[in-house]
Amino acid sequence: MSSTLFRTKKVEQSILDTEEPEHALKKSLSALDLTVFGVGVIIGTGIFVLTGTVAKDNAGPAVALAFVTAGVACALAALCYAEFASTVPVAGSAYTFSYASLGELPAWIIGWDLVLEFALGTAVVAVGWSGYIQSFLDTAGWTMPAALGSREGADTFGFDILAAALVLVLTGVLVLGMKLSARITSLVVAIKVTVVLVVIIAGAFLVKGANYDPFIPKEQPVEAGSSLDAPLIQLMFGWAPSNFGVMGIFTAASVVFFAFIGFDVVATAAEETKNPQRDMPRGILGSLLICTTLYVLVSIVVTGMQHYSRLSVDAPLADAFKATGHPWFAGFISFGAAVGLTTVSMILLLGQTRVFFAMSRDGLLPRFFSHVHPRFKTPHRPTILLGVVIAVLAGFTPLTELAALVNIGTLFAFVVVAIGVIILRRTRPDLHRAFRTPWVPVIPILSVCASLWLMINLPAETWVRFGIWMAAGFVVYFLYGRSHSRLARREAGLEQPTAGGGAS
């Protein structure tokens with residue numbers, strides 16, 4: 001039984017499966033498109049919101065170091081993703097990589113995990129976008145009816161129609177083709193990068209050196225809270241990272257990590273890239289480097305403009321400009337944040353549909369969803385299905401408490417991909433690797449350690465919810481996926497493999 005659960009799918013077979021006409025995605029993306037996608041999904045609520053939260057609660061002006069720490073953890077993972085994406089240029093990202101290195105059951109687990117991660121991420125960002133739009137409407141003198149407004153904190157029945165509408169519109173864009181999605185993303189990314197640069201340049205003239213004192217605030221006692229809301233590390237070892245001081249920087253890094261979520265989505269578009277061996281590493285590493293640099297500069301500027309203890313939690317960048325007597329910049333920043341969130345939602349939805357498509361093409365989910373549109377060459381069936389489900393989810397559910405599941409899901413994927421690089425280096429040293437992760441196994445091991453460290457700094461409640469979702473995934477796999485797997489059918493002689501590969 002264990003041999004069937006951990007059977008791997010040859011890289012050659014994964015690539016050949018992408019050439020089946022009814023299951024082939026259109027190759028239309030360049031390295032620039034991939035970089036834009038990466039920047040488009042990474043720069044979102046994190047940079048516009050989390051800076052104030054972690055500065056006040058954890059790191060003070062040293063929040064810049066927290067962004068560096070989280071960026072380094074992501075960079076370690078990005079190097080592993082770059083090798084896999086250039087070696088196995090197939091839709092599915094960590095799911096496909098796991099199938100080639102760890103086996104079918106681990107691949108299913110990570111695929112199931114990614115479906116949750118991207119679904120919640122899309123819904124959370126859509127609700128955030130709705131909140132910005134409703135704020136603009138309020139300013140203009142038009143208030144949304146309570147039954148059609150945000151569900152966050154609501155105690156009556158309602159449906160967030162703006163969040164749902166955004167998801168449905170983006171679903172339509174994704175069905176119409178990747179190149180259209182890339183063009184829209186490029187336009188929106190240009191707007192929000194301009195906003196970030198304005199914050200950095202204009203804010204630099206408003207910095208006061210006294211606001212950086214102290215740069216790393218002294219340690220303060222951890223406030224008491226419920227055991228379930230405590231970080232897992234506290235429950236496991238009886239201690240928790242300090243709210244301030246050097247350890248506060250690491251605690252802050254586990255929070256601002258949410259601001260980096262998305263660069264791994266770039267890997268899900270490998271199959272739709274013209275030259276994935278060359279362009280995937282450039283897109284993944286390039287977008288991460290650009291965003292990390294912008295994050296660090298913004299955090300240095302905003303904590304220099306206003307003392308960290310007085311920063312706003314909801315809109316620290318905009319409110320810092322208000323506090324210094326420049327309200328026009330505040331409105332400009334809010335506009336950029338609202339516009340920018342559209343690409344975050346779209347690219348997260350893109351990532352989920354590609355993982356779902358790859359799993360269905362392998363038979364682990366119904367193969368009905370593995371057919372592409374005859375004209376647009378996009379996986380229209382899973383895109384429409386998931387778009388409708390997420391629209392309903394975003395409309396009915398306040399998702400703030402579930403947002404941490406996005407973090408743990410991403411970090412779990414990082415761990416699996418890093419381990420997969422080590423295993424595939426040993427089992428398939430003959431594979432052509434256009435990009436090779438340096439210092440293997442040191443870099444992958446460091447990536448695993450960094451990801452696990454950030455994971456255990458998440459609340460225990462997040463782990464409980466994550467465990468429930470994973471348990472449900474095991475049930476679905478053993479009831480459906482295991483018996484419908486194309487590898488299983490090929491081994492049983494019920495289906496002939498595409499010429500050139502099979503199970504290993």
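Because the structure is predicted, anything quoted here is derived from the model rather than measured. The figures here come from the full heavy-atom set of this structure, side chains too, leaving out hydrogens, waters and symmetry mates.
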Run the side chain to side chain contact (heavy atoms under 4.5 Å, CB included) test against V339 and tell me which residues pass, sequence neighbours left out.
V188, I191, F335
W129 side chain to G340 main-chain N or O, any donor-acceptor pair under 3.5 Å?
no
Give the intermediate values and the outcome of side chain to side chain contact (heavy atoms under 4.5 Å, CB included) for residues F67 and T51.
CA-CA 9 Å; F67 276 113; T51 305; 4.0 Å; yes
Return the minimal non-hydrogen interatomic distance between S130 and D160, and the atom names on each side.
OG-OD1, 2.7 Å
To the nearest 0.5 Å, how far apart are CD1 in I384 and OG1 in T171?
8.5 Å
How would you list, by chain and number, every residue that makes a side chain to side chain contact (heavy atoms under 4.5 Å, CB included) with S86, sequence neighbours excluded?
P281, A434, F435
Applying side-chain contact (heavy atoms from CB on, under 4.5 Å) between L294 and each of V39, I42, V196, L289, report the one that passes.
V196
When rounded to the nearest 0.5 angstrom, what is the spacing between CG in L297 and OG in S299?
7.5 Å
Evaluation steps, side chain to side chain contact (heavy atoms under 4.5 Å, CB included), between F321 and F332
CA-CA 10 Å; F321 277 99; F332 182 64; over 6 Å; no
Can you name the closest pair of heavy atoms from A64 and I300 and give their distance?
CB-CG1, 3.7 Å
Are T353 and L349 close enough that some pair of their side-chain heavy atoms sits under 4.5 Å apart?
yes
Atom of P444, atom of W439 and distance for their closest heavy-atom approach
CD-O, 4.2 Å
Is it the case that the side chain of N58 and the backbone of A252 share a donor-acceptor pair, with hydrogens and angles ignored and the cut-off at 3.5 Å?
no
T303 to G60 - nearest heavy-atom pair and separation
CG2-O, 4.3 Å
Between H326 and F329, how do the two ring planes meet: parallel, tilted or perpendicular, split at 30° and 60°?
tilted
Within this structure, what is the OG1-CD1 distance for the pair T194 and I201, rounded to the nearest 0.5 Å?
9.5 Å
Counting only heavy atoms from other residues, nucleotides and ligands, does the tally under 6.0 Å from NZ of K27 exceed 12?
yes
To the nearest 0.5 Å, what is the distance between CZ on F84 and OG on S98?
7.0 Å
Report yes or no: does T378 contribute a side-chain atom to a donor-acceptor pair with the main-chain N or O of V175 at less than 3.5 Å?
yes
Side chains of R310 and D319: does their closest heavy-atom pair fall under 4.5 Å?
no
Heavy-atom check, side chain of L285 versus side chain of L79, under 4.5 Å
yes
Pairing residues for T410 by the side-chain hydrogen bond (donor to acceptor under 3.5 Å, both in side chains) criterion, not counting sequence neighbours:
E117
Sorted by chain and residue number, the side-chain hydrogen bond (donor to acceptor under 3.5 Å, both in side chains) partners of H307 (sequence neighbours excluded) come out as S309
Nearest heavy atoms of G351 and V265, plus distance in Å
CA-CG1, 3.8 Å
Separation between CG of L350 and OG of S345, rounded to the nearest 0.5 Å:
12.5 Å
Does any non-hydrogen side-chain atom of S287 lie less than 4.5 Å from one of L34?
no
Can you tell me how far CZ of R354 sits from OH of Y95, rounded to the nearest 0.5 angstrom?
15.5 Å
I need the minimum non-hydrogen distance between T35 and G283, along with the two atoms involved.
OG1-CA, 3.6 Å
With sequence neighbours excluded, give me every salt bridge (charged side-chain N to carboxylate O under 4.0 Å, His left out) pair touching residues 260-270.
none
Check for a donor-acceptor pair, side chain of T185 on one end and backbone N or O of F37 on the other, with a separation under 3.5 Å.
no
Return the set of residues passing side chain to side chain contact (heavy atoms under 4.5 Å, CB included) with A62 (not counting sequence neighbours), or none when no residue passes.
A59, L65, F215, I216, I249
Tell me every residue that passes side chain to side chain contact (heavy atoms under 4.5 Å, CB included) with A413, counting only those two or more places apart in sequence or in another chain.
Y81, A94, I110, D113, L114
For E271, enumerate each residue passing the salt bridge (Lys or Arg N to Asp or Glu O under 4.0 Å) test, keeping only those at least two apart in sequence or located in another chain.
R361
Determine the sole option in V173, L341, V167 for which the side-chain contact (heavy atoms from CB on, under 4.5 Å) test with M346 is passed.
V173
Please tell me if the side chains of M455 and W463 come closer than 4.5 Å, counting only heavy atoms from C-beta onward.
yes
Give a yes or no on whether the ring-centroid distance for Y295 and F260 is below 6.0 angstrom.
yes
Please list all pairs passing the salt bridge (charged side-chain N to carboxylate O under 4.0 Å, His left out) test where one or both residues lie in residues 30-41, with sequence neighbours left out.
D33-K179
Stepwise side chain to side chain contact (heavy atoms under 4.5 Å, CB included) test for V125 and T342:
CA-CA 8 Å; V125 174; T342 58; over 6 Å; no
Does W453 use its side chain to pair, donor to acceptor, with the backbone of F250 at less than 3.5 Å?
no
Please tell me if the side chains of V344 and L348 come closer than 4.5 Å, counting only heavy atoms from C-beta onward.
yes
Kindly indicate, with the supporting measurements, whether the criterion side chain to side chain contact (heavy atoms under 4.5 Å, CB included) is fulfilled by M280 and V266.
CA-CA 8 Å; M280 287 305 301; V266 176; 4.0 Å; yes
Can you list the residues that meet the side-chain hydrogen bond (donor to acceptor under 3.5 Å, both in side chains) rule with Q352, with sequence neighbours excluded?
none
P379 versus L25: any side-chain heavy-atom pair under 4.5 Å?
yes
Applying side-chain hydrogen bond (donor to acceptor under 3.5 Å, both in side chains) to T343 and not counting sequence neighbours gives K192
What residues, two or more places apart in sequence or in another chain, satisfy salt bridge (Lys or Arg N to Asp or Glu O under 4.0 Å) together with D279?
none
